[in-house]
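The structure displayed is predicted, hence computed values, not measured ones.
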Amino acid sequence: MDVFLRNGKGMLLAYDQGFEHGPSKDFNEKNIDPNYILDIAIKGGFTGVVLHKGIAERYYNGKVPLIVKLNGKSGLVQGEPLSTQVCSVETAVNLGAKGVGYTIYLGSANENVMLEEFGQIHDEAHNEGIPAIAWVYPRGGAVKNDEAPEIVSYAARVGLEIGADAVKIKYTGDSETFKWAVKAAGVSKVFMSGGPKAPTDESFLDQVRGAMNAGATGLAVGRNVWQHEEPLKIAASLQDIIFNGRDIAKPVQSPVATG
Ligand code: FBP
(Lines give C-alpha, C1' and ligand atoms only; values in the text may rest on other atoms or scores of the structure.)
Protein backbone atom coordinates (compact mmCIF):
# COMPACT_ATOMS: atom_id res chain seq x y z
CA MET A 1 0.00 0.00 0.00
CA ASP A 2 3.05 2.28 0.30
CA VAL A 3 2.38 3.92 -3.06
CA PHE A 4 -0.89 5.26 -1.64
CA LEU A 5 0.60 6.52 1.63
CA ARG A 6 2.42 9.63 2.76
CA ASN A 7 4.17 9.21 6.13
CA GLY A 8 2.13 6.04 6.58
CA LYS A 9 -1.25 7.74 6.05
CA GLY A 10 -3.52 7.92 3.04
CA MET A 11 -6.24 10.08 1.57
CA LEU A 12 -8.06 8.52 -1.38
CA LEU A 13 -10.54 10.31 -3.62
CA ALA A 14 -13.38 8.01 -4.73
CA TYR A 15 -15.25 8.68 -7.96
CA ASP A 16 -17.29 5.58 -8.80
CA GLN A 17 -20.64 7.05 -7.72
CA GLY A 18 -21.77 7.73 -11.31
CA PHE A 19 -21.98 3.97 -11.70
CA GLU A 20 -23.22 3.15 -8.20
CA HIS A 21 -25.80 5.91 -7.82
CA GLY A 22 -26.38 7.31 -11.32
CA PRO A 23 -25.61 10.77 -12.68
CA SER A 24 -28.46 12.61 -11.01
CA LYS A 25 -28.65 12.98 -7.25
CA ASP A 26 -24.93 13.11 -6.47
CA PHE A 27 -23.86 15.37 -9.32
CA ASN A 28 -23.91 18.94 -10.57
CA GLU A 29 -22.53 20.83 -13.58
CA LYS A 30 -19.02 20.78 -12.18
CA ASN A 31 -18.54 17.38 -10.60
CA ILE A 32 -20.13 15.44 -13.46
CA ASP A 33 -16.87 16.13 -15.34
CA PRO A 34 -14.13 13.61 -14.43
CA ASN A 35 -11.48 16.26 -15.19
CA TYR A 36 -12.84 18.32 -12.29
CA ILE A 37 -12.27 15.39 -9.92
CA LEU A 38 -8.77 14.66 -11.22
CA ASP A 39 -7.88 18.30 -10.68
CA ILE A 40 -9.12 18.10 -7.07
CA ALA A 41 -7.12 14.90 -6.59
CA ILE A 42 -3.92 16.67 -7.61
CA LYS A 43 -4.44 20.07 -6.00
CA GLY A 44 -6.07 18.62 -2.88
CA GLY A 45 -3.03 16.49 -2.04
CA PHE A 46 -4.77 13.12 -2.40
CA THR A 47 -2.56 10.03 -2.30
CA GLY A 48 -4.79 8.03 -4.62
CA VAL A 49 -7.82 8.28 -6.89
CA VAL A 50 -10.43 5.55 -7.42
CA LEU A 51 -11.98 5.19 -10.89
CA HIS A 52 -13.78 2.65 -13.00
CA LYS A 53 -11.97 1.53 -16.13
CA GLY A 54 -14.00 3.63 -18.58
CA ILE A 55 -13.04 6.85 -16.85
CA ALA A 56 -9.49 5.69 -16.14
CA GLU A 57 -9.01 4.89 -19.84
CA ARG A 58 -10.29 8.21 -21.14
CA TYR A 59 -9.38 10.75 -18.43
CA TYR A 60 -6.65 9.48 -16.12
CA ASN A 61 -3.51 11.61 -16.43
CA GLY A 62 -1.06 9.63 -14.31
CA LYS A 63 -0.55 12.39 -11.76
CA VAL A 64 -2.06 10.73 -8.67
CA PRO A 65 -1.70 6.96 -8.05
CA LEU A 66 -4.65 5.09 -9.52
CA ILE A 67 -6.91 2.44 -7.99
CA VAL A 68 -9.20 0.82 -10.53
CA LYS A 69 -12.48 -0.39 -9.12
CA LEU A 70 -13.00 -3.88 -10.51
CA ASN A 71 -16.66 -4.47 -9.73
CA GLY A 72 -19.81 -2.41 -9.67
CA LYS A 73 -23.59 -2.46 -9.68
CA SER A 74 -26.14 0.16 -10.57
CA GLY A 75 -28.43 1.78 -8.06
CA LEU A 76 -31.41 0.58 -10.12
CA VAL A 77 -31.27 -3.00 -9.00
CA GLN A 78 -33.52 -4.18 -6.15
CA GLY A 79 -33.13 -7.05 -3.73
CA GLU A 80 -30.08 -8.67 -2.23
CA PRO A 81 -27.06 -6.74 -3.47
CA LEU A 82 -24.59 -8.33 -5.86
CA SER A 83 -21.71 -6.48 -7.45
CA THR A 84 -19.74 -8.46 -10.00
CA GLN A 85 -16.50 -7.92 -11.83
CA VAL A 86 -16.50 -5.47 -14.75
CA CYS A 87 -12.75 -5.14 -15.25
CA SER A 88 -9.81 -7.54 -15.01
CA VAL A 89 -6.70 -7.02 -12.95
CA GLU A 90 -4.69 -7.15 -16.18
CA THR A 91 -6.68 -4.31 -17.75
CA ALA A 92 -6.36 -2.28 -14.57
CA VAL A 93 -2.59 -2.71 -14.59
CA ASN A 94 -2.44 -1.75 -18.28
CA LEU A 95 -4.36 1.42 -17.42
CA GLY A 96 -1.68 2.30 -14.90
CA ALA A 97 -3.37 1.09 -11.71
CA LYS A 98 -1.12 0.78 -8.70
CA GLY A 99 -3.93 -0.97 -6.82
CA VAL A 100 -7.35 -2.50 -7.39
CA GLY A 101 -10.57 -2.11 -5.45
CA TYR A 102 -13.53 -4.44 -5.04
CA THR A 103 -16.79 -4.08 -3.08
CA ILE A 104 -18.14 -6.97 -1.01
CA TYR A 105 -21.68 -6.65 0.33
CA LEU A 106 -21.16 -8.72 3.44
CA GLY A 107 -24.36 -10.29 4.76
CA SER A 108 -26.04 -10.22 1.35
CA ALA A 109 -27.53 -13.52 0.18
CA ASN A 110 -25.00 -13.10 -2.65
CA GLU A 111 -21.91 -12.53 -0.51
CA ASN A 112 -20.45 -15.88 -1.62
CA VAL A 113 -20.13 -14.65 -5.22
CA MET A 114 -18.28 -11.52 -4.17
CA LEU A 115 -16.06 -13.32 -1.65
CA GLU A 116 -15.06 -15.82 -4.32
CA GLU A 117 -14.35 -13.14 -6.92
CA PHE A 118 -12.34 -11.12 -4.44
CA GLY A 119 -10.26 -14.23 -3.69
CA GLN A 120 -9.38 -14.48 -7.38
CA ILE A 121 -8.61 -10.82 -7.95
CA HIS A 122 -6.56 -10.76 -4.75
CA ASP A 123 -4.29 -13.52 -6.07
CA GLU A 124 -4.02 -11.88 -9.49
CA ALA A 125 -3.25 -8.48 -7.98
CA HIS A 126 -0.54 -9.93 -5.78
CA ASN A 127 0.95 -11.74 -8.77
CA GLU A 128 1.17 -8.29 -10.42
CA GLY A 129 2.72 -6.87 -7.24
CA ILE A 130 -0.15 -4.49 -6.46
CA PRO A 131 -2.51 -4.31 -3.47
CA ALA A 132 -6.12 -5.47 -3.41
CA ILE A 133 -8.39 -3.15 -1.46
CA ALA A 134 -11.76 -4.37 -0.20
CA TRP A 135 -14.72 -2.09 0.29
CA VAL A 136 -16.53 -4.24 2.85
CA TYR A 137 -20.07 -2.93 3.19
CA PRO A 138 -22.52 -5.02 5.23
CA ARG A 139 -25.81 -4.83 3.34
CA GLY A 140 -28.97 -6.76 2.51
CA GLY A 141 -32.00 -8.00 4.41
CA ALA A 142 -29.90 -9.62 7.15
CA VAL A 143 -28.18 -6.35 8.02
CA LYS A 144 -30.27 -4.02 10.15
CA ASN A 145 -27.71 -1.29 10.81
CA ASP A 146 -24.59 -1.12 8.67
CA GLU A 147 -22.93 1.36 11.02
CA ALA A 148 -23.41 -0.67 14.22
CA PRO A 149 -19.99 -1.21 15.82
CA GLU A 150 -20.27 -5.01 15.82
CA ILE A 151 -21.21 -5.00 12.14
CA VAL A 152 -18.42 -2.61 11.12
CA SER A 153 -15.83 -4.57 13.11
CA TYR A 154 -17.11 -7.77 11.46
CA ALA A 155 -16.52 -6.14 8.06
CA ALA A 156 -13.01 -5.13 9.13
CA ARG A 157 -12.23 -8.64 10.32
CA VAL A 158 -13.43 -10.25 7.13
CA GLY A 159 -11.11 -7.84 5.29
CA LEU A 160 -8.17 -9.24 7.24
CA GLU A 161 -9.22 -12.84 6.78
CA ILE A 162 -9.61 -12.58 3.01
CA GLY A 163 -6.18 -10.97 2.75
CA ALA A 164 -7.22 -7.43 1.83
CA ASP A 165 -4.24 -5.10 1.93
CA ALA A 166 -6.63 -2.38 2.97
CA VAL A 167 -10.23 -2.41 4.00
CA LYS A 168 -12.65 0.44 3.47
CA ILE A 169 -15.35 0.52 6.13
CA LYS A 170 -18.08 2.85 7.38
CA TYR A 171 -17.54 4.91 10.53
CA THR A 172 -19.19 3.53 13.66
CA GLY A 173 -20.16 6.96 14.98
CA ASP A 174 -17.49 7.27 17.66
CA SER A 175 -13.80 6.77 18.08
CA GLU A 176 -13.94 4.25 20.94
CA THR A 177 -15.97 1.70 18.99
CA PHE A 178 -13.99 2.36 15.81
CA LYS A 179 -10.83 1.34 17.69
CA TRP A 180 -12.16 -2.22 17.93
CA ALA A 181 -12.79 -2.28 14.19
CA VAL A 182 -9.20 -1.16 13.58
CA LYS A 183 -7.95 -3.87 15.94
CA ALA A 184 -10.12 -6.46 14.21
CA ALA A 185 -8.56 -5.49 10.86
CA GLY A 186 -5.09 -6.44 12.16
CA VAL A 187 -2.45 -5.65 9.54
CA SER A 188 -5.05 -4.72 6.91
CA LYS A 189 -4.97 -0.96 6.69
CA VAL A 190 -8.23 0.71 7.58
CA PHE A 191 -9.71 3.50 5.49
CA MET A 192 -12.86 5.19 6.71
CA SER A 193 -15.52 5.55 4.03
CA GLY A 194 -16.84 9.08 3.53
CA GLY A 195 -20.57 8.58 3.05
CA PRO A 196 -23.18 11.11 1.91
CA LYS A 197 -22.33 14.78 2.36
CA ALA A 198 -22.45 15.62 6.07
CA PRO A 199 -24.62 18.56 7.21
CA THR A 200 -21.59 20.64 8.24
CA ASP A 201 -17.85 20.52 7.61
CA GLU A 202 -17.21 20.22 11.32
CA SER A 203 -19.46 17.17 11.70
CA PHE A 204 -17.58 15.43 8.88
CA LEU A 205 -14.17 16.47 10.16
CA ASP A 206 -15.12 15.14 13.61
CA GLN A 207 -15.76 11.71 12.10
CA VAL A 208 -12.35 11.81 10.41
CA ARG A 209 -10.66 12.88 13.66
CA GLY A 210 -12.43 10.02 15.44
CA ALA A 211 -11.29 7.48 12.85
CA MET A 212 -7.69 8.71 12.90
CA ASN A 213 -7.71 8.76 16.70
CA ALA A 214 -8.82 5.14 16.57
CA GLY A 215 -5.77 4.22 14.50
CA ALA A 216 -7.15 4.30 10.95
CA THR A 217 -4.64 4.65 8.13
CA GLY A 218 -6.78 7.22 6.41
CA LEU A 219 -9.86 8.14 4.52
CA ALA A 220 -11.43 7.17 1.20
CA VAL A 221 -13.85 9.93 0.41
CA GLY A 222 -15.92 11.15 -2.50
CA ARG A 223 -19.05 13.20 -1.99
CA ASN A 224 -17.89 15.10 1.09
CA VAL A 225 -15.09 16.54 -1.04
CA TRP A 226 -16.31 16.87 -4.61
CA GLN A 227 -19.82 18.02 -3.64
CA HIS A 228 -18.26 20.68 -1.41
CA GLU A 229 -18.45 24.25 -2.70
CA GLU A 230 -14.76 24.60 -1.93
CA PRO A 231 -13.27 21.12 -2.36
CA LEU A 232 -9.70 22.31 -1.87
CA LYS A 233 -10.62 23.96 1.42
CA ILE A 234 -12.09 20.77 2.89
CA ALA A 235 -9.20 18.77 1.39
CA ALA A 236 -6.74 21.05 3.22
CA SER A 237 -8.54 20.42 6.53
CA LEU A 238 -8.49 16.68 5.83
CA GLN A 239 -4.77 16.74 5.08
CA ASP A 240 -4.14 18.53 8.34
CA ILE A 241 -6.01 15.86 10.31
CA ILE A 242 -4.76 12.83 8.38
CA PHE A 243 -1.12 13.72 7.80
CA ASN A 244 -0.44 16.15 10.66
CA GLY A 245 -2.73 14.55 13.23
CA ARG A 246 -4.36 17.92 13.93
CA ASP A 247 -6.74 17.67 16.92
CA ILE A 248 -7.18 13.92 16.61
CA ALA A 249 -6.71 13.51 20.35
CA LYS A 250 -9.62 15.91 20.88
CA PRO A 251 -12.52 13.89 22.27
CA VAL A 252 -15.32 13.64 19.77
CA GLN A 253 -18.22 15.17 21.67
CA SER A 254 -21.21 13.54 20.10
CA PRO A 255 -21.47 10.60 17.76
CA VAL A 256 -22.50 11.79 14.32
CA ALA A 257 -24.48 9.47 12.09
CA THR A 258 -22.97 9.10 8.61
CA GLY A 259 -26.38 8.81 7.00
P1 FBP B 1 -18.39 8.53 -0.66
O2 FBP B 1 -17.34 9.18 0.19
O3 FBP B 1 -19.01 9.47 -1.64
O4 FBP B 1 -19.41 7.81 0.21
O5 FBP B 1 -17.64 7.43 -1.53
C6 FBP B 1 -17.19 6.24 -0.96
C7 FBP B 1 -17.88 5.07 -1.63
O8 FBP B 1 -17.42 3.84 -1.11
C9 FBP B 1 -17.73 5.03 -3.13
O10 FBP B 1 -16.56 4.40 -3.52
C11 FBP B 1 -18.98 4.33 -3.53
O12 FBP B 1 -19.44 4.67 -4.78
C13 FBP B 1 -19.96 4.81 -2.54
O14 FBP B 1 -19.27 5.12 -1.37
C15 FBP B 1 -21.01 3.77 -2.25
O16 FBP B 1 -22.07 4.40 -1.65
P17 FBP B 1 -23.27 3.59 -1.02
O18 FBP B 1 -22.88 3.38 0.40
O19 FBP B 1 -24.44 4.52 -1.16
O20 FBP B 1 -23.41 2.33 -1.80
Heavy atoms of other groups near [X] [atom1], more than 12 under 6.0 Å:
| X | atom1 | answer |
| --- | --- | --- |
| R246 | CZ | no |
| N7 | CG | no |
| F19 | CZ | yes |

Within the distance-only criterion (no hydrogens, no angle test), does the side chain of [X] pair as donor or acceptor with the backbone N or O of [Y] below 3.5 angstrom?
| X | Y | answer |
| --- | --- | --- |
| E80 | N110 | no |
| N244 | I241 | no |
| R58 | G54 | yes |
| Y171 | S175 | yes |
| N224 | A198 | yes |

Minimum heavy-atom distance between [X] and [Y], given as atom pair plus value:
| X | Y | answer |
| --- | --- | --- |
| P196 | R223 | N-NH2, 3.6 Å |
| A142 | G107 | CB-O, 3.8 Å |
| V190 | A185 | CG2-CB, 3.4 Å |
| T172 | P149 | CG2-CA, 3.7 Å |
| F243 | G10 | CE2-N, 4.1 Å |
| V68 | A56 | CG2-CB, 4.3 Å |

Can you pull the side chain to side chain donor-acceptor pair (under 3.5 Å) pairs that have at least one residue in [range], sequence neighbours excluded?
| range | result |
| --- | --- |
| residues 82-94 | N71-S83, S88-T91 |
| residues 226-235 | D201-H228 |
| residues 116-126 | Y102-E117, H126-D165 |

Can you sort out the partners of [X] under side chain to side chain donor-acceptor pair (under 3.5 Å), two or more places apart, ordered by chain and number?
| X | value |
| --- | --- |
| D16 | K69 |
| E111 | none |
| H52 | none |
| E176 | K179 |

Between [X] and [Y], is there a shared hydrophobic cluster once you connect ILVMFWY residues whose side-chain heavy atoms come closer than 4.5 Å?
| X | Y | answer |
| --- | --- | --- |
| V158 | V143 | no |
| F191 | I151 | no |
| I162 | V113 | yes |
| I248 | L5 | yes |
| F27 | I234 | yes |

For W180, the rest of its hydrophobic cluster, which grows through side-chain links under 4.5 angstrom: none
For L76, what are the other residues in its hydrophobic cluster, where any two members join if their side-chain heavy atoms are less than 4.5 angstrom apart? none
Taking the side chain as every heavy atom from C-beta outward, state whether [X] and [Y] have any atom pair closer than 4.5 Å.
| X | Y | value |
| --- | --- | --- |
| M212 | L219 | no |
| V225 | L13 | yes |
| K189 | V167 | no |
| L115 | F118 | no |
| L95 | Y60 | no |
| E20 | S74 | no |
| L70 | V89 | yes |
| I169 | M192 | no |

No-hydrogen, no-angle side-chain donor-acceptor test under 3.5 Å, D174 and T177: yes
Dump the intermediate steps for side chain to side chain contact (heavy atoms under 4.5 Å, CB included) on V221 and L12, then the final yes or no. CA-CA 6 Å; V221 61; L12 310 176; over 6 Å; no
Straight-line distance of S237 OG to L205 CG, nearest 0.5 Å: 5.5 Å
Got a second to check how far N213's CG is from D206's CG, nearest 0.5 Å? 11.0 Å
Partner set under salt bridge (charged side-chain N to carboxylate O under 4.0 Å, His left out) for E202, not counting sequence neighbours: R209
Using side chain to side chain contact (heavy atoms under 4.5 Å, CB included), reason through D146 and K170 one step at a time and then give a plain yes or no. CA-CA 8 Å; D146 66 350; K170 305 269 179 192; 4.1 Å; yes
Apply side chain to side chain contact (heavy atoms under 4.5 Å, CB included) to the pair F204 and K197, showing each step before the final yes or no. CA-CA 8 Å; F204 179 59; K197 187 140 181 331; over 6 Å; no
Output side-chain donor-acceptor pairs under 3.5 Å for residues 130-141, partner residues at least two apart or in another chain, one line each.
{"from": "Y137", "atom 1": "OH", "to": "K168", "atom 2": "NZ", "distance (Å)": "2.9"}
{"from": "Y137", "atom 1": "OH", "to": "S193", "atom 2": "OG", "distance (Å)": "2.8"}

Please list every donor-acceptor pair under 3.5 Å in which a side-chain atom of residues 35-51 meets a protein atom from a residue at least two apart or in another chain.
{"from": "N35", "atom 1": "ND2", "to": "D33", "atom 2": "OD1", "distance (Å)": "3.3"}
{"from": "D39", "atom 1": "OD1", "to": "K43", "atom 2": "NZ", "distance (Å)": "3.3"}
{"from": "D39", "atom 1": "OD2", "to": "K43", "atom 2": "NZ", "distance (Å)": "2.9"}
{"from": "T47", "atom 1": "OG1", "to": "F4", "atom 2": "O", "distance (Å)": "2.7"}
{"from": "T47", "atom 1": "OG1", "to": "M11", "atom 2": "N", "distance (Å)": "2.8"}
{"from": "T47", "atom 1": "OG1", "to": "M11", "atom 2": "O", "distance (Å)": "3.2"}

Let me see the working for K9 and Q239 under side chain to side chain contact (heavy atoms under 4.5 Å, CB included), right down to the final yes or no. CA-CA 10 Å; K9 305 291 179 200; Q239 286 197 65; over 6 Å; no
